[in-house]
Trainee: 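Sharing a structure with you now.
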Amino acid sequence: MTRGQGEAERRLAAEIDAAIPDALRREWDRRVAREQVVIGRQGIFSPRLHPFGYELGFRVPGAAAADAAAWSELQHERATSAVLRATFGRADVDEVGHGRWLFVRCPRAFLVGDLHLPARPDRLVVEIAAGTRIDGDVLRGVRHLREQGFRVALAGFVSRADQRALLPQADFVKIDARDLDVEGEPVVDLARSHGALLVAEFVESSEELRAGRRLGFDLYQGNLLERSLLLDRSSAPLLGPDHDSIGRYL
């Protein structure tokens with residue numbers, strides 16, 4: 001799907017949304033409030049294994065974690081919107097993060113401003129997935145997000161040219177711990193060259209944890225430390241209309 005097609009779909013969705021009668025909208029809100037809402041949460045830890053933050057992911061109640069590799073861009077956008085609504089569109093966000101940073105992988109539309117993020121730069125870390133194409137529009141969008149106070153995490157860093165262009169804007173850089181023996185110190189040194197905190201992600205073994213510590217990583221994430229847990233947000237009350245803009249037009 002091209003950017004133009006995506007924008008046309010969102011404009012059409014906005015027109016449909018505006019045409020929905022208030023009574024039907026209220027009934028829909030009551031239905032949503034009764035539905036089960038779950039998200040996945042995995043801890044991000046300090047070298048001493050103290051909790052630093054959490055990565056949040058999309059989950060379907062009663063189903064195994066989906067393989068997102070084959071998803072379309074629109075599916076990624078809808079999944080991210082669902083995670084943001086479940087987290088920031090409901091009360092008691094501290095039940096999710098306990099006052100710590102909350103990392104959410106955001107596809108391109110959120111980075112360039114086509115879709116809205118919740119106004120919570122005090123808690124939300126905007127994570128850029130490894131496969132994201134980082135061009136001029138993304139760079140401008142990320143700079144704007146940082147001007148609003150958001151922290152930015154760059155996931156799956158392997159020293160691609162477009163990833164290197166984003167390093168000055170990154171507060172966190174994630175490197176796959178399973179590839180540390182391949183990537184080695186040069187990539188690690190480059191990743192920290194602009195002052196970002198380094199995160200070893202996908203830590204699956206004690207050997208990978210030791211390798212990350214030897215290379216001086218600041219933070220660690222992976223199944224060795226904590227598997228993704230399911231959090232049920234169904235009982236948290238929905239917030240008011242000021243929060244309806246999260247993922248608008250999805």
Side-chain angles (χ1 to χ4, degrees), residues 17 20 22 24-46 49-66 68 76-107 109-111 115-129 145-146 148-153 155 171-172 197 199 201 219-223 225-250:
D17 183 67
I20 297 174
D22 289 342
L24 183 58
R25 194 186 304 276
R26 287 193 294 271
E27 176 58 32
W28 174 257
D29 288 343
R30 285 192 291 270
R31 177 182 174 184
V32 169
R34 294 193 300 268
E35 289 182 339
Q36 187 178 14
V37 178
V38 298
I39 54 176
R41 188 190 75 182
Q42 185 176 49
I44 299 173
F45 299 91
S46 73
L49 304 185
H50 298 306
F52 173 86
Y54 300 97
E55 175 139 4
L56 306 181
F58 177 72
R59 296 292 186 272
V60 176
H76 281 290
E77 291 169 4
R78 290 184 181 276
T80 300
S81 178
V83 172
L84 293 173
R85 286 181 183 276
T87 305
F88 298 101
R90 291 177 177 262
D92 303 323
V93 69
D94 277 336
E95 290 186 354
V96 178
H98 307 296
R100 300 184 178 97
W101 292 109
L102 300 173
F103 291 62
V104 178
R105 293 200 176 185
C106 297
F110 289 92
L111 305 178
L115 294 175
H116 300 307
L117 291 167
R120 294 299 305 268
D122 59 316
R123 301 299 299 283
L124 175 61
V125 176
V126 178
E127 186 167 322
I128 302 172
L145 290 174
R146 284 177 55 84
Q148 297 176 61
F150 284 100
R151 270 70 170 181
V152 173
D171 301 280
F172 305 91
L197 295 179
V199 185
E201 58 179 343
L219 299 166
Y220 300 84
Q221 177 185 355
N223 289 336
L225 309 177
E226 181 180 76
R227 291 189 174 275
S228 183
L229 306 174
L230 289 183
L231 294 184
D232 192 333
R233 294 283 287 156
S234 307
S235 62
L238 291 165
L239 296 178
D242 289 345
H243 298 264
D244 290 344
S245 62
I246 297 173
R248 189 70 170 175
Y249 309 147
L250 287 181

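Side chains included, hydrogens not; waters and symmetry mates left out as well; all remaining heavy atoms used. Positions are given from 1 along the sequence. Everything numeric in this text was worked out from a predicted model, so none of it was measured.
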Trainee: Taking D94 for its side chain and G99 for its backbone only, find out whether a donor-acceptor pair lies under 3.5 Å.
Mentor: yes
Trainee: Which pair of heavy atoms, one from D122 and one from W101, lies closest together, and at what distance?
Mentor: O-CZ3, 3.3 Å
Trainee: How long is the gap from CG on L239 to CZ on R85, to the nearest 0.5 Å?
Mentor: 11.5 Å
Trainee: Any carboxylate oxygen within less than 4.0 angstrom of a Lys/Arg side-chain nitrogen, looking at D171 and R146?
Mentor: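 Yes, D171 and R146 are salt-bridged.
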Trainee: For T87 and R120, test the side chains for any donor-to-acceptor distance below 3.5 angstrom and give the result as yes or no.
Mentor: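 No, R120 and T87 have no side-chain donor paired with an acceptor closer than 3.5 Å.
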Trainee: How far does CZ of R105 sit from CD of E127, to the nearest 0.5 angstrom?
Mentor: 4.5 Å
Trainee: State the CG-OG distance between N223 and S228, to the nearest 0.5 angstrom.
Mentor: 8.5 Å
Trainee: Is R41 close enough and on-axis enough to Y54, meaning under 6.0 Å and within 45°, for cation-pi?
Mentor: yes
Trainee: Are R90 and S234 close enough, and set up right, to give a side-chain hydrogen bond (donor to acceptor under 3.5 Å, both in side chains), and what steps lead you there?
Mentor: CA-CA 9 Å; R90 291 177 177 262; S234 307; over 6 Å; no
Trainee: State, with a plain yes or no, whether a side-chain heavy atom of P107 is found less than 4.5 Å away from one of T80.
Mentor: yes
Trainee: Is the closest side-chain heavy-atom distance between V104 and L117 below 4.5 Å?
Mentor: no
Trainee: Between V126 and F110, does a side-chain contact (heavy atoms from CB on, under 4.5 Å) hold up when you go through it step by step?
Mentor: CA-CA 9 Å; V126 178; F110 289 92; over 6 Å; no
Trainee: Provide the closest heavy-atom pair for E77 versus A109 in the form atom of the first, atom of the second, distance.
Mentor: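 Minimum heavy-atom separation between E77 and A109: OE2-CB, 3.4 Å.
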Trainee: Please give me the minimum heavy-atom distance between R233 and D92, naming the atom from each residue.
Mentor: NH1-O, 3.2 Å
Trainee: Which value, rounded to the nearest 0.5 Å, describes the distance between S46 atom OG and L219 atom CG?
Mentor: 7.5 Å
Trainee: May I have the step-by-step check of side-chain contact (heavy atoms from CB on, under 4.5 Å) for R78 and F58, ending in yes or no?
Mentor: CA-CA 9 Å; R78 290 184 181 276; F58 177 72; over 6 Å; no
Trainee: Side chains of F103 and R151, heavy atoms from C-beta outward: is any pair under 4.5 Å?
Mentor: no
Trainee: Taking the side chain as C-beta and beyond, is there a heavy-atom pair between L124 and F150 under 4.5 Å?
Mentor: yes
Trainee: About how many Å separate CD of Q42 and CG of L229, when rounded to the nearest 0.5 Å?
Mentor: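 Separation between the atoms: 8.5 Å.
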Trainee: Got L230 and R59 here, is their nearest side-chain heavy-atom distance under 4.5 Å?
Mentor: yes
Trainee: Could you please spell out the steps behind the side-chain contact (heavy atoms from CB on, under 4.5 Å) verdict for V152 and V125?
Mentor: CA-CA 6 Å; V152 173; V125 176; over 6 Å; no
Trainee: Say you draw a straight line from CD1 of I44 to CD of E226; how long is it, rounded to the nearest 0.5 Å?
Mentor: 10.0 Å
Trainee: State, yes or no, whether a side-chain contact exists between V96 and L102 at a heavy-atom distance under 4.5 Å.
Mentor: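 Touching, per the 4.5 Å side-chain cut-off.
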